[in-house]
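Structure first, commentary second.
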Amino acid sequence: MNVLDVPIGIRILQKITCLCAGGRIIFSRDFWYRLLILVLTFLSYTAYHLSRKPISVVKNVLNRNCSLIPVPSDVNTTDPTWCDWAPFDGDNAQTLLGALDSSFLFAYAIGMFISGVVAERNDLRYFLASGMLLSGIFTYMFGLGYTLGIHNLYYYLIVQALAGFSQSTGWPGVVTAIGHWFGKGKRGLIFGIWNSHTSIGNILGTLIAAYYIEINWGLAFMYPGLIIAAIGILVFLFLVPDPRGVGCTPPDHHGTEDTHTIYSPAERSRLEKQHYGGRRGSRRSDGDNEKEALLSAVGDDTYGAAGQVSDSSDNAESSIASSAHLIGHLPADVSLETTVSGTSNGSLRSAHHTYRRQKAIGFLQAIRIPGVIEFSFCLFFAKLISYTFLYWLPRYIKASTSFTASESANLSTLFDVGGILGGILAGVMTDHTGMSAVTCAVMLLIAIPMLFLYQLYGAVNLATSMILLVVVGLFVNGPYALITTAVSTELGTHKCLKGSARAVATVTAIIDGTGSVGAAVGPFLAGPISELGWEWVFYMLMASDVLALLFLSRVVKHDIERWFSTRQSRRTRRSQV
């Protein structure tokens with residue numbers, strides 16, 4: 001990565017750290033950069049969900065029962081729909097509100113398949129930042145409909161579709177960035193905690209919308225639009241997509257060390273001892289990299305603007321020598337034969353720049369990866385359930401209880417609280433058992449009776465509703481969170497790819513894109529089905545849960561067989577000892 005390609009925010013921090021400590025400040029470079037990536041991607045996807053959530057809350061004021069609302073003195077009371085917002089004031093309001101969801105979600109699903117391919121072939125920083133800025137603009141435009149008094153259905157449908165397409169940049173972008181920085185160890189737990197951004201974004205978006213819904217529903221979209229655009233600017237200033245670009249160690253995706261970086265930890269330690277004569281020779285493990293200047297500049301001109309390897313060996317050698325001095329605090333005259341891993345002549349063509357020269361895989365190659373098809377169709381139905389709750393839960397609560405629109409919105413956030421717990425629980429279970437498919441299947445199975453119980457008793461009293469919402473959220477969102485994070489990243493770095501790390505965005509886009517089609521179908525069907533009775537919506541959700549289990553059955557069988565095989569191998573080894 002050319003120094004000019006390093007984000008400007010990182011370059012500013014580099015200069016600050018150098019000035020504050022006379023050119024040297026002791027930190028663990030890998031730790032702090034990984035923390036930065038976690039925080040940036042967490043904030044990014046929190047903003048994505050924060051900006052897509054308000055529509056589910058605002059539905060309750062676009063169309064409502066005007067007979068229950070005090071009539072202002074200046075309103076014509078002969079109009080039974082005086083409190084509704086045209087064009088959602090007719091008998092077909094439920095269908096039109098469902099069309100709003102569908103225009104967003106179908107555009108999102110289409111964009112997801114495109115975004116995965118684009119993300120693998122372009123700089124993630126530009127990709128994510130532009131997507132967030134566009135999402136902010138279109139979210140803000142929806143809110144402008146209230147300010148400008150727009151009552152044209154096609155305006156709202158087009159703005160929703162453009163917002164959905166823009167938001168499809170989010171998931172492939174953030175998952176790929178995480179996949180580039182974090183290896184397989186404890187990935188389920190890390191992703192389980194990190195994936196809480198989805199539910200936290202939903203909660204924050206709901207609370208913002210609930211606050212403004214009775215005052216000015218346009219602000220429920222404008223403020224989230226401004227927030228996601230502002231975080232998009234932060235991403236542009238600080239996101240580092242590839243650890244090699246700032247001299248950090250790449251992750252180990254398969255539990256084996258694969259040296260693709262400028263210095264392995266062992267080499268760095270040996271060269272440091274050689275240069276400093278053992279004065280700093282404390283022993284370090286592979287997981288505890290040498291502490292060094294956190295944000296010292298990386299002057300590696302090996303990569304061009306597009307991240308390609310330079311053909312000039314002379315330029316590359318001088319660049320690495322310079323980087324050695326800056327990154328590892330090693331002497332600039334250390335021979336390249338001892339600093340470039342895997343080479344004897346210092347040639348970059350057979351060394352640590354493998355990642356940038358790897359060719360991104362195509363769609364057909366990605367769907368041949370074992371498990372991609374099964375998890376994709378499982379997510380289709382899992383996301384259908386989750387997004388039906390996302391877009392219709394506040395309206396269902398208001399229809400089945402005596403709560404106001406604002407109270408219904410606030411109560412619905414408990415579903416997302418359960419989603420946070422479900423994502424973490426699913427990640428811990430997967431790390432402990434190594435069986436992601438079985439984990440998903442168990443949670444999907446328990447979700448079926450929980451959905452039935454919520455439909456029966458969710459409106460009995462507040463306490464029962466609160467408990468059931470958390471439990472339903474836990475078991476509905478757990479599999480969805482696991483598949484879209486740890487499972488997608490693991491499949492995107494599958495061993496059949498022979499070490500290639502450039503499949504994460506494509507695999508993520510295929511799995512989540514398929515799921516997003518289900519996410520579009522669920523809310524679309526919920527509108528007209530709810531006119532027959534809300535219990536039929538829940539029957540649809542329970543049937544979807546059963547279908548998700550069926551599509552996952554083959555992978556569950558494989559997981560169980562592999563578990564028994566591993567257990568038998570351990571017994572055999574113990575008996576031999």
Side-chain angles (χ1 to χ4, degrees), residues 35 37-54 56-57 167 170-171 174-175 178 182 186-210 224 227-228 231 379 382-394 397 408-432 436 439-440 442-444 446-447 450-451 454 458 463 465-489 512 515 519 541 545:
L35 180 62
I37 295 300
L38 275 177
V39 171
L40 275 179
T41 53
F42 185 92
L43 289 176
S44 298
Y45 215 68
T46 296
Y48 272 104
H49 265 262
L50 181 150
S51 62
R52 76 177 64 163
K53 179 62 177 175
S56 67
V57 179
Q167 290 233 348
W171 196 240
V174 296
V175 172
I178 287 290
F182 292 89
K186 298 297 180 185
R187 181 183 282 165
L189 175 60
I190 291 172
F191 275 157
I193 297 172
W194 174 77
N195 195 61
S196 63
H197 52 45
T198 298
S199 296
I200 291 175
N202 290 340
I203 292 170
L204 293 176
T206 299
L207 294 177
I208 292 173
I227 290 170
I228 189 173
I231 296 177
L379 187 62
K383 209 164 178 181
L384 182 153
I385 302 167
S386 181
Y387 269 66
T388 301
F389 273 94
L390 174 70
Y391 281 94
W392 286 96
L393 182 57
I397 293 174
S408 299
N410 290 330
L411 181 60
S412 71
T413 60
L414 291 175
F415 176 81
D416 292 299
V417 172
I420 295 173
L421 300 176
I424 295 173
L425 178 62
V428 171
M429 289 173 63
T430 299
D431 283 339
H432 182 70
S436 54
T439 299
C440 290
V442 169
M443 299 186 85
L444 288 168
I446 298 174
M450 291 299 102
L451 287 167
Y454 179 69
S465 180
M466 291 173 68
I467 293 170
L468 286 174
L469 274 174
V470 172
V471 175
V472 170
L474 188 152
F475 290 108
V476 165
N477 282 338
Y480 159 43
L482 184 64
I483 294 172
T484 54
T485 53
V487 171
S488 294
T489 305
D512 201 45
L541 300 182
D545 223 328

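Note that this is a predicted model, so its numbers are computed, not measured. Scope of the values below: all heavy atoms of this structure, side chains included, with no hydrogens, waters or symmetry mates.
- Residue pairs that meet the side-chain hydrogen bond (donor to acceptor under 3.5 Å, both in side chains) test with at least one member in residues 196-205, sequence neighbours left out, are His49-Asn202, Asn202-Asp416.
- Between the CG atom of Leu43 and the CG atom of Leu50 there is a distance of 11.0 Å, given to the nearest 0.5 Å.
- With rounding to the nearest 0.5 Å, the separation of CG in Leu393 from OG1 in Thr413 is 9.5 Å.
- Annotation: side chain of Thr46 is not in contact with side chain of Ile231 (no heavy-atom distance under 4.5 Å).
- Listed for the Ser465 side chain is a donor-acceptor partner under 3.5 Å among the backbone atoms of Gly458.
- Atom OG1 of Thr439 is separated from atom CG of Asp431 by 9.5 Å, given to the nearest 0.5 angstrom.
- For Thr41, the side chain to side chain contact (heavy atoms under 4.5 Å, CB included) criterion is met by Ile37, Val174, Ala177, Ile178, Trp194, not counting sequence neighbours.
- Under a 3.5 Å cut-off, the side chain of Ser56 and the backbone N or O of Leu390 do form a donor-acceptor pair.
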(request) Using the side chain to side chain contact (heavy atoms under 4.5 Å, CB included) rule, take Tyr480 and Ile385 through it: C-alpha gap first, then chi angles, then the decisive distance, then the call. (result) CA-CA 9 Å; Tyr480 159 43; Ile385 302 167; over 6 Å; no
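- In terms of heavy-atom proximity, Cys440 sits nearest to Pro479 at O-CG, 3.8 Å.
- Nearest heavy-atom pair, Asn195 versus Ala481, reported as atom, atom and distance to 0.1 Å: ND2-CB, 2.8 Å.
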Going through the checks in order, is the side chain to side chain contact (heavy atoms under 4.5 Å, CB included) test met by Ile208 and Ile227? CA-CA 11 Å; Ile208 292 173; Ile227 290 170; 4.2 Å; yes
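- Between Gln167 and Ser51 there is a side-chain heavy-atom pair separated by less than 4.5 Å.
- Atoms CD1 and CD1, from Ile420 and Ile200 in turn, are 4.5 Å apart once rounded to the nearest 0.5 Å.
- Closest approach of Ser412 and Pro394 over heavy atoms only: OG-CG, 3.7 Å.
- The distance from the CG atom of Asn477 to the OG atom of Ser386 is 4.0 Å, given to the nearest 0.5 Å.
- Between Leu474 and Met443, the closest heavy-atom pair is O-CE, 3.6 Å.
- When the side chain to side chain contact (heavy atoms under 4.5 Å, CB included) test is applied to Ile446, the partners found at least two apart in sequence or on another chain are Val442, Met450, Phe475.
- In this structure, Ile397 CD1 and Asn410 CG are separated by 10.0 Å, a value rounded to the nearest 0.5 Å.
- By the 4.5 Å heavy-atom criterion applied to side chains, Leu384 and Leu541 are counted as neighbours.
- In this pair, Tyr45 and Trp171 present their aromatic rings tilted. The plane angle is within the 30 to 60° band.
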